[in-house]
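Input: a single structure, listed below in C-alpha cells.
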Amino acid sequence: MTRVRVAGGGLTHFGVHPERTSRALFGEAGEAALEDAGVDREDVESVFFGNFMGELAEHQGHMGPLAAEALGIDAPSTRYESACASSGVAVRQAVQNVRNGEADVVLVGGAERMNNLPTAETTDALAIAADDLYEVRAGMTFPGAYALMEDAYFEEHGGTREDLAHIAVKNHQNALGNEYAQFQKEIDVETAMEAPPVAEPIHLYDACPITDGAAAMVLVSDSYAEEHDLDAPVAITGTGQGSDRLALQDREELTRTPAAEDAGAEAFADAGIDPDDVDLAEVHDCFTIAEALAIEALGFFEPGEGIAAARRGETTATGDLPVNLSGGLKAKGHPVGATGASQVVEMAKLLAGTHHNSDAVADATVGVTHNAGGTVASTAVHVLEVVE
Amino acid sequence: MSDEPARDAGYDDFLDAIAAGEPYYLECPEGHGSLPPRQVCPDCGATELSESGLPEVGTIVAHNVVHVPTPRFLDDTPYATAIVDFGPVNVTGQVRGIDPQDVENGQEVTITIGETETDGDRLVVFEPV
Ligand SMILES: [Zn+2]
C-alpha cells in the first residue's frame with residue numbers, strides 16, 4: 001500500500017464574504033494548493049469536494065464538476081456531503097484513492113457559502129443536519145442540539161460554563177496571527193461568560209461564527225513525490241470514519257460520541273499509534289462543549305476530564321497536548337463543507353514547520369484531526385506524521 | 001395529485017395518536033423501542049414491529065432554552081426543548097406550561113400535541129405532571 005503525502009495546501013481567508021460564491025472560493029484555495037505543491041494541474045487524476053448546504057445557500061447542487069472546473073482540472077470530480085464532516089470524509093476518500101493505486105495525484109477540499117442568507121435562514125439550513133421529523137420540527141436548532149449535550153454533560157460530570165469559556169479564550173488566543181482566521185482578537189473569560197444566550201446553556205462565545213471560505217490540498221503517492229522531487233515531509237498515515245444514530249434522542253448516551261471513538265480508534269490503528277503518541281490535535285470545536293467531547297472521544301482525556309483541560313493549561317499552546325493551534329472552528333471560523341480539509345491543511349503546516357504557530361510544537365511529529373458532522377452522527381479522523 | 005402537502009406516513013400517524021391520547025411506539029420481538037416510520041428495528045434489524053402503548057409519564061433527561069430560532073419558530077422564542085425518557089424510547093419536544101427557565105432535568109412530564117406560535121405547525125409538546 002502506497003503512502004499518501006500532503007504535497008501542498010491552500011486556504012481562503014475564513015470570514016464574511018457574502019458576495020463570493022463557492023466556486024470562486026474553491027478556485028482560490030485550490031489554486032493556492034496547486035502552487036504550494038508545485039504540481040501541474042494536468043497531473044491531477046481525481047477531485048474530491050466537500051460541501052453541505054449548497055442547495056439552500058446557493059441554489060446549487062451537483063457541485064463536483066463545478067469544483068473541478070473552478071480549477072481548470074479535467075478529471076472525475078465528486079461532491080461529498082456529511083454535514084460539517086463533508087470535507088473530512090472527502091479527504092478520507094482521497095487518501096483511499098491514492099492508497100488503492102488508482103491515482104498518484106488527487107486534489108481534495110471543500111467550500112461553503114453561508115453569509116449570503118439572513119441569520120434565521122442560515123440557522124434553518126444548518127438545522128437540516130439534525131433529524132427533521134423528530135428534532136427540527138420540535139424547534140431544535142444546531143446550537144440547541146449541542147446545548148442538550150452540554151446540559152447532559154453538566155448533569156453527568158459536573159463542570160461549568162466557566163470551564164468552557166477557557167476553551168474559547170484558548171482558541172481565540174491561538175488564532176492571533178493566523179491570517180486565514182475570521183477572529184484575530186483576544187477575548188477573556190469574563191467576556192465569554194457575559195455574552196448573550198443563543199441556546200442556553202450555550203452563549204454567543206461558546207459558538208463558532210457563520211463563515212464563508214474554502215480549503216484545498218494536493219495529495220500524492222510516495223513515488224510521485226520522489227519522481228518529482230517534491231518537498232512533502234508530512235504524510236497522512238491513518239484514516240478512520242464513524243457513524244451514529246442521527247437523532248440525539250436515539251443515542252444511548254448524550255455525553256459521549258461513539259462515532260468519534262470509532263473513527264479515532266480506526267485511524268490510530270491504521271497509523272499504528274496510540275493516543276499517547278499524539279503531539280497535537282485539531283478538533284471539531286463548533287461549540288466549546290464539542291472540543292471537550294472530542295478530546296475525550298479520541299482517548300486523550302477520561303470522560304468528564306476534557307471540559308477543564310484548557311483551564312488546567314493542558315491543551316493550550318504551551319501545554320502537553322496543544323489543541324486547535326489554528327484557532328479552531330471557534331476563532332478560525334467554520335465554513336461547514338471546508339472545515340475538515342482545512343484542519344488537515346493546518347495540521348500539515350504545523351508539522352512541516354510552516355504554520356504561524358509551529359514554534360509552539362517545534363519537535364512535534366504526530367498530529368490528529370477530528371471532523372464531526374451534525375451532533376457527531378458522522379466523524380472523520382486523520383493521523384498526520386512527519387515521515388522524513 | 002393534489003396541491004395539499006403529502007403526509008409523512010408513520011410520523012403524522014404518530015402525532016395523530018398523541019393528539020388522540022393514545023401515543024405509541026414501535027416494539028420489535030427483542031423488546032427494542034423505536035419511533036415511526038420504520039421498516040426495521042434500528043437496534044437489531046428485526047422486521048416484525050408492532051405498536052405498543054407509550055408510558056403516560058416521562059422524565060426530562062436534557063433540556064435547553066432556545067433564543068435564536070429557525071424562521072419556523074421566530075414568534076415562539078424563548079422556548080425550552082427537552083429530550084424525555086419514556087422508557088423504551090426517548091422523544092424530543094417543546095416544554096410548555098412552565099417558565100422555560102424553570103425546566104429541570106428529572107422533571108416528570110406528559111406528552112401532547114401543540115402548535116407553533118409562528119405558523120401553527122403541529123409539534124410534540126411536554127407538560128409538567
Ligand atoms: Zn430490535
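Just so you know, these numbers use all the heavy atoms, side chains as well, and skip hydrogens, waters and symmetry mates. Predicted, not measured: the structure shown is a model, and the values here were computed from it. Below, chain A is the first sequence line, B the second, and so on; all start at residue 1.
- Around CD of Q39(B), the count of heavy atoms belonging to other residues, nucleotides or ligands within 6.0 Å does not exceed 12.
- By the 4.5 Å heavy-atom criterion applied to side chains, P42(B) and R245(A) are counted as neighbours.
- Between the N64(B) side chain and the G144(A) main chain, a donor and an acceptor come within less than 3.5 Å of each other.
- Between the side chain of Y79(B) and the backbone N or O of G139(A), at least one donor-acceptor pair lies under 3.5 Å.
- Environment of CD in E253(A): crowded, with over 12 heavy atoms of neighbouring residues, nucleotides or ligands closer than 6.0 Å.
- Across every non-hydrogen atom of V136(A) and R72(B), the tightest pair is CG1-NH2, 3.4 Å.
- No side-chain N or O of N90(B) forms a donor-acceptor pair with one of D250(A) less than 3.5 Å apart.
- Shortest non-hydrogen contact noted between Y11(B) and R137(A) is CE2-NH1, 3.5 Å.
- For V66(B), the parts sitting under 4.5 Å from any heavy atom of chain A are the backbone and the side chain alike.
- With a threshold of 4.5 angstrom between heavy atoms, L133(A) approaches chain B through its backbone and through its side chain.
- For the residue pair T92(B) / Q249(A), a side-chain donor-acceptor distance below 3.5 Å is found, with atom types taken as modelled.
- Closest approach of L248(A) and I83(B) over heavy atoms only: CB-CD1, 3.8 Å.
- Contacts of E121(A) with chain B are made by both backbone and side-chain atoms, with heavy-atom separations under 4.5 Å.
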